[in-house]
> 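Next up is a structure, given as structure tokens.
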Amino acid sequence: MHPYSNILVTGGAGFIGSHFIRFLLSTYPHITVVNVDLLTYCGNLENVKDVSNDPRYHFRKADIGDLEAMEKILTEFCIDCIVNFAAESDNNKAVLSPLDFVKTNVLGTATLLSAARKTSVKRFHHISTCEVFGELPLTSPERFVEESPYRPRTPYNASKASSDLFVKSYYHTFGLPVTISYSANNYGTHQFPEKVIPVFTLKALKNEPLPLFASTGHKREWIHVLDHSKAIDLILQKGVIGESYNIGTGFEKTISEIAADILGILHKPKSMTTIVPDRLGHDSRYLLDSSKVRALGWKPEIVWEKGLAETVEWYAKNAQWWEPLLARSHSWK
Ligand SMILES: NC(=O)c1ccc[n+]([C@@H]2O[C@H](COP(=O)([O-])OP(=O)(O)OC[C@H]3O[C@@H](n4cnc5c(N)ncnc54)[C@H](O)[C@@H]3O)[C@@H](O)[C@H]2O)c1
């Protein structure tokens, strides 16, 4: 039996939140899920279309930074658990309009924390990122642990780090029952075409060169979005209040390796790439030590070769999903 019955998922019309909602509803028959999403440029109700008629699913279009609206929703649905995915999440957009990131990620999270405190929510789980710890050298044996110092280097990372600090402060100051998870880079279906895997896939499908940042050896640690969803759920069930958990696989790929893998899946020439300037503040590498969440009983199940092939094939078959989104993407040229 799951410890929570009425779960508020913020940002549930986005990439990871929509997968998490689908996972909860398909796994736990007794759970009600309320999806609060402002439907910004990347929020898309198509991502949750398959659950929209489920009587256990409810959607409210609202801003996590609207205190009155948040308190009303938390009370209306007797919410006992919040999982906060809602965020401005794109480093490219953060270079163009950093203040949007302060507004939603910092002020929005602080507002949601205040609403949770007022309505005595039993659990506030905050989704953070490996990027708050800064960058690692490409060849270092070091991995970030949950206690690693925060060293954010971009406006996105700084806003996520700030939101984490507010979450921690509500635990220490007010006793709000919080947990935080730091995830590695996610991949899977329904990811907005501004992140590297959908951008490379769609470029390849259109027979256009894949735009590789000049530092083609920069690496990321990759996790399938379903493995991430399962880890979050385990933390809700077995995590210790006040604690933080890294969620990563240890599996790294460079930018040029990702391009080669996608071109290989689509049977396109490996030379179909072009070099573009690095994004400002482009971090070289992040890698997490995830032994703490593994000790709770989690391990990744989806291997890159299978997960990536399924993801690329999904984009190939779902042009009606992504074609209308390209005009809204900050990374699509
Ligand atoms: N994608 C990754 O690889 C990754 C890795 C680590 C952590 N994260 C974190 O996971 C979370 C979800 O990431 P994602 O990739 O699914 O992002 P996404 O951009 O696909 O989704 C974000 C969602 O939040 C909604 N939103 C934005 N501002 C809002 C507001 N003020 N009020 C309510 N809703 C709002 C958007 O409409 C969108 O549906 C973010 O907090 C992100 O920092 C993502």
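By convention here, the first residue in the shown sequence is residue 1. Just so you know, these numbers use all the heavy atoms, side chains as well, and skip hydrogens, waters and symmetry mates. Counting starts at 1 for both ligands and their atoms, in listed order.
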> Applying ring-ring contact (aromatic ring centres under 6.0 Å, His included) as the test, list every pair that has at least one member in residues 31-54; sequence neighbours left out.
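As it turns out, the ring-ring contact (aromatic ring centres under 6.0 Å, His included) pairs with a partner in residues 31-54, which skip direct neighbours, are Tyr41-Phe192, Tyr41-His330.
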> Residues sharing Val145's hydrophobic cluster, by side-chain heavy-atom contacts under 4.5 Å among ILVMFWY, directly or via others?
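Via sub-4.5 Å side-chain contacts, Val145 links to none.
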> In terms of side-chain geometry, is the basic nitrogen of Glu131 or Lys160 positioned less than 4.0 Å from the acidic oxygen of its partner?
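So Glu131 does not pair with Lys160 through a salt bridge.
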> Considering only N or O atoms, set out every pair between ligand 1 and the protein closer than 3.5 Å, with distances to one decimal place.
| residue | atom | partner | partner atom | Å |
| --- | --- | --- | --- | --- |
| ligand 1 | 3 (O) | Asn186 | N | 2.8 |
| ligand 1 | 16 (O) | Phe15 | N | 3.3 |
| ligand 1 | 16 (O) | Ile16 | N | 2.8 |
| ligand 1 | 17 (O) | Ser89 | OG | 3.2 |
| ligand 1 | 19 (O) | Ser89 | OG | 2.8 |
| ligand 1 | 20 (O) | Phe15 | N | 3.0 |
| ligand 1 | 31 (N) | Asp63 | OD1 | 2.9 |
| ligand 1 | 31 (N) | Thr104 | OG1 | 3.2 |
| ligand 1 | 32 (N) | Ile64 | N | 3.0 |
| ligand 1 | 34 (N) | Leu38 | N | 3.1 |
| ligand 1 | 37 (O) | Asp37 | OD1 | 2.6 |
| ligand 1 | 37 (O) | Thr40 | N | 3.0 |
| ligand 1 | 37 (O) | Thr40 | OG1 | 3.1 |
| ligand 1 | 39 (O) | Gly14 | N | 3.0 |
| ligand 1 | 39 (O) | Asp37 | OD1 | 3.3 |
| ligand 1 | 39 (O) | Asp37 | OD2 | 2.6 |
| ligand 1 | 41 (O) | Phe85 | O | 2.9 |
| ligand 1 | 41 (O) | Lys160 | NZ | 2.6 |
| ligand 1 | 43 (O) | Tyr156 | OH | 2.6 |
| ligand 1 | 43 (O) | Lys160 | NZ | 3.1 |

> Lys306: what forms a salt bridge (charged side-chain N to carboxylate O under 4.0 Å, His left out) with it, not counting sequence neighbours?
Glu310
> Is the shortest distance from a Lys or Arg side-chain nitrogen in Glu194 or Lys93 to a carboxylate oxygen in the other one below 4.0 Å?
no
> Which distance, rounded to the nearest 0.5 Å, do you find between the CG of Leu308 and the CD1 of Ile197?
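Here the interatomic distance stands at 5.5 Å.
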